[in-house]
Amino acid sequence: MLVQALLVLVALAGSGLAARYFFKAQFIHQVSSQLKDSLLNLSHKLPDPIGSDWCTNSAIGAEFRLTVLGADGKVVCDSRGLEIDATLPSRPEIVSARAHGFGEAVRHSNYFRDEEFLGALLIPGRGVVIRGAVPLSRLSQTMRVVDTSLGLVLIIIALTLVACAIYSARRLVFPLGRLLLKTQGGGDAFSENAVAGDLTREWFDEWSELESNIDHMRRDLMAKTQSLSMEQVELDTIMGAISDAILAVDPEGNPLFYNSRFELLFGGEGLRKRNIKLWAIFRDPEILSAFRAALKDGQRAATKAIPLEQKEGLKSFFSLSVSPLRKSEGTIYGAVGIFHDVTELKSAEQMRIDFVANVSHELRTPLTSIKGYVDTLIDDVNHQKPIMPEFLQIIARNTERLLNLMNDLLDLSSIESADILQKDPLSTLDLTERIVKQMQVGFESKGQTVEWEIKATTVVADTQRIEQVLSNLLINANKYTPSGSRITVIWESQGRDVLLKVKDTGPGIPVEHHSRLFERFYRVDKARAREQGGTGLGLAIVKHIMQRHEGSIWVESKPGEGAVFICRFPAPTTS
Ligand code: ADP
């Protein structure tokens with residue numbers, strides 16, 4: 001707009017100046033031809049010789065100056081009788097007249113204090129030059145009027161143009177600038193206060209409507225951006241909270257996204273930055289073919305439990321399900337795999353299998369023995385042979401073993417399934433005395449001494465279960481330590497916890513068995529343990545009871561130095 005206005009202004013000024021120049025040239029031309037005519041007339045009247053007062057007499061009007069120069073270049077006469085200037089013969093009008101017959105010039109006159117027009121005419125044959133000079137004061141006056149009017153017109157036009165430019169800027173450029181600012185993406189431009197105020201309807205018509213539309217769109221966009229970022233945060237939180245590991249890859253196997261669980265289990269930090277592909281993370285063919293099926297054929301694929309090595313070399317079992325990721329038009333742009341940790345399920349299943357095998361084995365041995373002796377007894381009766389009383393004793397022992405086994409199994413299952421334990425503060429002294437008294441016969445038969453040290457007087461526990469813990473540990477001490485050995489029950493505090501220690505002076509247990517000692521049916525010396533009538537479930541029962549009390553049990557022992565079984569009962573929570 002401003003450039004346009006300037007161009008118009010320059011064009012106007014140019015044409016004004018051209019008109020001015022043309023007018024001046026025309027005026028001078030007119031003066032020139034009039035002066036030439038006058039000089040021609042005078043030339044006819046020129047006497048010979050020319051008197052020095054001829055000029056004064058022949059001058060037309062007071063403002064007209066007439067000068068005559070002789071053929072020798074000297075001034076013959078001057079109507080104004082001024083002192084003769086020596087440079088006169090070299091003036092341009094004189095030089096031009098001598099060369100072309102007529103010469104003219106426009107110069108400033110000190111006399112008029114204005115411009116004057118000078119015309120010089122050569123009288124052919126005589127070599128005389130007549131020069132006339134007229135003031136151009138009328139031209140100057142006219143020019144001043146023209147200049148003033150032109151200036152005024154230009155100023156008015158300039159002001160009008162500036163006003164128009166401002167008006168247009170306000171109507172067009174200003175609202176456009178504001179709208180541009182409003183539609184700029186990102187940063188503060190999206191904040192409500194980025195562009196304050198609104199374009200008014202009376203000033204900006206449809207611009208104001210456009211602005212309100214843009215405002216509407218902007219608010220819409222802001223709301224959508226906000227809800228999108230909220231959704232992103234929610235998604236991140238959900239992904240972080242999911243216990244399954246999730247990995248999405250593009251068709252080239254580059255990770256698109258993965259959750260923190262995946263990073264923790266398989267990735268290490270910055271999987272994406274390190275540009276590691278799927279084939280470098282997993283080498284298992286089942287996993288790779290599941291991803292391939294989803295990426296190439298768009299099929300959902302699942303695997304059974306696959307053993308996978310994690311970051312720290314730990315092995316866990318994962319089931320994997322892979323689904324293709326599709327764009328709205330249906331093209332596949334990646335696949336997402338969910339790794340579900342089934343290690344616990346797998347080990348529970350293994351435990352169940354082992355347990356059934358162990359129970360069957362434990363049942364079969366006494367049952368086979370019972371069957372064998374019963375068959376022998378039947379045979380003896382049939383052949384009227386005397387019945388061997390030892391056979392009946394063996395049958396009775398095996399039956400008792402079976403009964404013990406069934407009782408221990410039932411105990412285990414009731415400990416595992418019982419809902420709540422009835423925990424009470426119990427006197428450790430009473431408890432110890434009671435249990436030792438019940439087992440007194442057993443200890444006495446082997447000549448064993450039982451002592452106790454009560455450094456913690458109370459323990460919070462389920463009466464029936466804690467009795468079972470102490471009696472199982474004492475039964476083992478009684479069974480596995482030789483005659484004459486010493487057994488000590490110690491109750492002591494450790495911080496707010498209570499420790500129960502059952503110590504014996506028996507053969508001890510080699511360290512390699514310590515970690516497995518509390519497993520069901522685990523025995524250090526199988527033959528001896530069976531001989532002792534053990535079911536292999538005593539310590540497993542103790543471990544489960546301790547777990548139900550949120551406590552723990554461990555053994556400290558070296559072969560030949562006896563064994564100490566330590567149970568930790570945690571301090572009851574106050575809430
Ligand atoms: P069991 O019914 O066979 O005694 P437990 O679970 O009670 O089963 O004990 C598991 C095994 O731990 C026993 O077979 C025995 O080998 C070993 N054991 C337990 N207590 C002692 C102990 N005080 N001294 C030596 N060995 C022990």
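Both counts, for ligands and for their atoms, begin at 1 and track the order of listing. Computation of the quantities below employed the complete heavy-atom set of this structure, encompassing side-chain atoms and omitting hydrogens, waters and symmetry-equivalent molecules.
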> For atom 17 (C) of ligand 1, which protein heavy atom lies nearest, and how many Å away is it?
Replying inline: Val524 CG2, 3.9 Å
> Got a salt bridge between Arg516 and Glu519, using NZ or NE/NH1/NH2 to carboxylate O under 4.0 Å?
Replying inline: yes
> When Val555 is tested against each of Val502, Leu517, Val511, Ile566 for side-chain contact (heavy atoms from CB on, under 4.5 Å), which residue passes?
Replying inline: Leu517
>> Show me the pairs that pass salt bridge (Lys or Arg N to Asp or Glu O under 4.0 Å) and involve residues 441-468, at least two apart or across chains.
In response: Arg434-Glu467, Glu451-Arg486, Glu453-Lys455, Lys455-Glu492
> Counting each atom of ligand 1 from 1 as listed, which ones have a heavy atom of Thr535 under 4.0 Å away?
Replying inline: 2 (O)
> Should Gly536 be listed as contacting ligand 1, given a heavy-atom distance under 4.0 Å as the test?
Replying inline: yes
>> How far is atom 19 (C) of ligand 1 from the closest protein heavy atom, and which atom is that?
In response: Asn476 ND2, 3.4 Å
> Between Glu512 and Lys558, is the closest basic N to carboxylate O distance under 4.0 Å?
Replying inline: no
>> Between Arg568 and Asp497 (side chain of the first, backbone of the second, donor and acceptor by atom type, cut-off under 3.5 Å), is there such a pair?
In response: no
>> So is Lys479 touching ligand 1 or not, going by heavy atoms under 4.0 Å?
In response: yes
> How far is atom 12 (O) of ligand 1 from its nearest protein heavy atom, and which residue and atom is that?
Replying inline: Leu517 CD1, 3.5 Å
> For ligand 1, which part of Leu539 has a heavy atom less than 4.0 Å away: the side chain, the backbone, both, or neither?
Replying inline: both
>> Counting non-hydrogen protein atoms only, what is the nearest one to atom 23 (N) of ligand 1? Give residue, atom name and distance.
In response: Asp504 OD2, 2.9 Å
>> Is any side-chain heavy atom of Thr481 closer than 4.5 Å to one of Gln448?
In response: yes
> To which of Ile509, Val564, Val555, Leu405 does the heavy atom nearest atom 25 (C) of ligand 1 belong?
Replying inline: Ile509
>> Contact between Phe339 and Leu265 at the side-chain level, heavy atoms closer than 4.5 Å - yes or no?
In response: no
>> Please list the nearest protein heavy atom to atom 10 (C) of ligand 1 with its residue and the distance rounded to 0.1 Å.
In response: Tyr522 O, 3.3 Å
Distance-only donor-acceptor pairs under 3.5 Å for side chains of residues 284-292, two or more places apart:
residue, atom, partner, partner atom, Å
Asp284, OD1, Glu286, N, 2.8
Asp284, OD1, Ile287, N, 3.4
Ser289, OG, Pro285, O, 3.2
Ser289, OG, Glu286, O, 3.2

>> Using a strict threshold of under 4.0 Å (side-chain N to carboxylate O), is an ion pair present between Lys423 and Glu550?
In response: yes
> Would you say Phe565 touches ligand 1, if touching means a heavy atom closer than 4.0 Å?
Replying inline: yes
> With a 4.0 Å heavy-atom cut-off (strictly under), which part of Asn472 contacts ligand 1: side chain, backbone, both or neither?
Replying inline: neither
>> Looking only at protein heavy atoms, which one is nearest to atom 15 (C) of ligand 1, and what is the separation?
In response: Tyr480 CZ, 3.6 Å
